[in-house]
Amino acid sequence: MNDPAFDSPPLMEMLADLAISTGGEPATVERALFQPPEGASLSPIHRLLDASATEENSFLAALAARLNLLWIEALPEAQSLPQSILPARIALRHLLVPIEDNGIFLTIACCDPFNHSARAIVSQHIDRRIRLALTPRLGLVATLRALYGVGADTLEQLMEGREGETSSNDEEAVNVIDEDDDEASVMKFVNQILREALKQRATDIHVEPIADQLTIRYRIDGVLRETPIPANIRILRDSVISRIKIMANLDIAEKRLPQDGRIPLELAGQAIDVRVATIPSVSGETISLRLLGQEIFDFPRLGLDHKSESVIRDLIAMPNGIILVTGPTGCGKSTSLYTFLSSLNTKDRRIVTIEDPVEHKLPGVVQIAVRSEIGLSFARALRAILRGDPNVIMIGEMRDFETAEIAIRASLTGHLVFSTLHTNDSVGGITRLIDMGVEPFLVGTAVRVFIAQRLVRRLCPQCRKKDDVGTSFLHKEGIPIPEGTVIYKPNGCRQCHNTGYVGRIALFEICRITTRMQELVQAKAPASALKRIAMEEGLVPLRLQGWSRVIDGTTSVEEVLRVTLAEIAAIDE
């Protein structure tokens, strides 16, 4: 909070002049400073930054020059900074990063030089004179996360014994993650881990004990990243794991057997469903959390090129047959199936799904969760569905001959069936069904298309840079590159957490079962022959699909190589 004396008209006029002179729109600056909406930050600096009323770096650099303060455009690496001198709860609350301590002066980086209450609090904790430096807010937040770790302020208060480790309402049906809750507890620490994961767009959290320490990793855009946490978290390792198990209604006394549960969360009014799985290990229980939010399933979200989207829309418009999506775990098969079903979800169609488990609830769709403990398998549920007059059926996965046989029978009797298989490429789905025991003539007759899928990360538009090596590589591969095209590679910045990527798009390899392909399937032709004929019939391999997204600047050469290594063997044979 700012000292009211510094929210004076002369100061506000000075800030307005600086904001406008560094690119701010006068009307936007006026609203941010003089007509802030109810609930807006009390600080004029933060009001300007929250409203994007000016170009942040230029504005703060000009403000530093006006106040004769040091300007730091990029903070040093966290490991080189004096962490222990400033308590985590002060640094995180007021966005303060200690930069240098020479025994006389402590240099502190901030983005708001008018936060005099923060300066007073710092002065009470240290016996140094304070020198301020200005730096961008985004860099401050990233450095604080790396310097202190997630939940450092909460853990610091716990170590001081200010609060107990659990709350009296541990058994609540819905856990509300309240960002303004100042209660320091193990519950709050776990909530901070979850909230940070959601902020970083993580799909999974892995809590793993290693020796006497605890490691927390987030899966972001399909890649695991270890997140910084306070070093002394080991003292509360068991309490953190127990808290997560309590939230998921699991047995905290059972540590020898795997357990599954779920946590319904609420963050900023949005419902988040968290699937929890515990695995006993020699170092202790590890916990995996899958975060499932309220998502919109539509074709633009898949990031398809126009041709692939047109082909897939034509395929799912068929009245019957089987459409199989193939690929390894985590390649986005479920998201694609939900997108296909959402596009078909009209009042004149009855859609029924069998899933293990149901990941997202689709309005207007009958969704059945497999429950093997009571005998409700894919095959048994599918038989029941066929007696319920469905138009479209989705089977989470074809795992065995019995399920595949019933699905084929359903498609031959006028139903449109969607399902998935775990194979490396589209043609591999043909041999997989035959290996299950399905007759080749049924595969060729019932299945309309096999769609292999991979997810590649999008390059960060803020920091991507020219890739001359990648351009040379594509030339050697014989990939035609239009004149003037620039190939990009990842660089890394604060915006993308130094990964070079933000978000993902799908690559699809579409193998349609044409008359010629039917003949080869019935003749039990090898996979290499099927692949060659499929390419002659119009199949574009995943890697070639990837090269087109490299050329249009969406992703990088190394990213396409990372996700398509397995599918290239059949082409090379």
Side-chain angles (χ1 to χ4, degrees), residues 88-89 92-93 141-142 144-146 148-158 163-209 213-230 233-234 236-250 252 259-279 284-295 357 359-360 497:
R89 61 183 179 276
L92 294 171
R93 179 180 292 275
V141 173
L144 284 167
R145 185 186 299 121
Y148 291 98
V150 176
D153 52 341
T154 299
L155 185 63
E156 187 174 77
Q157 294 183 44
L158 278 169
E163 295 288 338
E165 294 186 357
T166 57
S167 168
S168 60
N169 57 353
D170 283 337
E171 303 295 334
E172 287 183 354
V174 176
N175 302 277
V176 179
I177 301 181
D178 184 0
E179 297 196 46
D180 297 322
D181 180 15
D182 289 328
E183 181 186 10
S185 63
V186 172
M187 179 176 70
K188 183 185 174 187
F189 180 78
V190 171
N191 285 351
Q192 285 178 312
I193 293 172
L194 291 166
R195 188 164 60 244
E196 184 66 24
L198 292 169
K199 285 181 180 178
Q200 296 194 38
R201 301 177 296 101
T203 55
D204 300 86
I205 306 172
H206 298 284
V207 182
E208 303 164 326
Q213 190 53 270
L214 191 70
T215 298
I216 296 178
R217 296 191 289 173
Y218 295 154
R219 187 176 295 279
I220 303 170
D221 294 335
V223 177
L224 278 176
R225 303 179 201 160
E226 185 172 344
T227 191
I229 57 174
I233 188 62
R234 63 181 181 275
L236 297 171
R237 187 184 75 172
D238 293 340
S239 297
V240 170
I241 292 174
S242 295
R243 170 60 192 165
I244 296 174
K245 292 174 70 174
I246 289 172
M247 292 173 73
N249 291 319
L250 301 179
I252 62 172
Q259 298 185 69
D260 295 308
R262 58 181 293 274
I263 304 172
L265 294 179
E266 184 180 312
L267 176 64
Q270 180 184 5
I272 306 292
D273 191 49
V274 182
R275 289 190 352 226
V276 181
T278 70
I279 305 173
E285 280 186 293
T286 68
I287 299 183
S288 297
L289 301 95
R290 169 67 59 87
L291 308 179
L292 302 170
Q294 296 174 331
E295 300 186 38
E359 293 190 358
H360 297 278
H497 304 288

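The first residue of the sequence shown is numbered 1, and numbering continues consecutively from there.
- Summarising the geometry, atom CG belonging to L224 is positioned 7.5 Å from atom CG belonging to D204; distances are rounded to the nearest 0.5 Å.
- Of all non-hydrogen atoms in I193 and Y218, the two that sit nearest each other are O-OH, 2.8 Å.
- Counting heavy atoms from C-beta outward, I246 and M187 have side chains that stay 4.5 Å or more apart.
- Expressed to the nearest 0.5 Å, how far CD of E285 lies from NZ of K245 amounts to 3.5 Å.
- Atom CD1 of residue I205 and atom CG of residue L198 lie 7.0 Å apart, to the nearest 0.5 angstrom.
- The two residues D260 and A277 have their closest heavy-atom pair at OD1-CB, 3.5 Å.
- The shortest heavy-atom contact between G284 and P209 is C-CG, 3.7 Å.
- Nearest heavy atoms, L292 versus E359: CD1-O, 3.4 Å.
- Taken from CZ in R262 to CG in N249, the straight-line distance is 9.5 Å, to the nearest 0.5 Å.
- Residues L194 and M247 are in side-chain contact: their nearest non-hydrogen atoms beyond the backbone lie under 4.5 Å apart.
- Residues T203 and L291 fail the side-chain proximity criterion, which asks for heavy atoms closer than 4.5 Å.
- S288 is not listed as a side-chain neighbour of V276, based on a closest heavy-atom distance of 4.5 Å or more.
- Within the model, atoms CZ of R219 and CZ of R201 stand 14.0 Å from one another, a figure rounded to the nearest 0.5 Å.
- Here the CD1 atom belonging to I279 is positioned 4.5 Å from the OG1 atom belonging to T286, to the nearest 0.5 angstrom.
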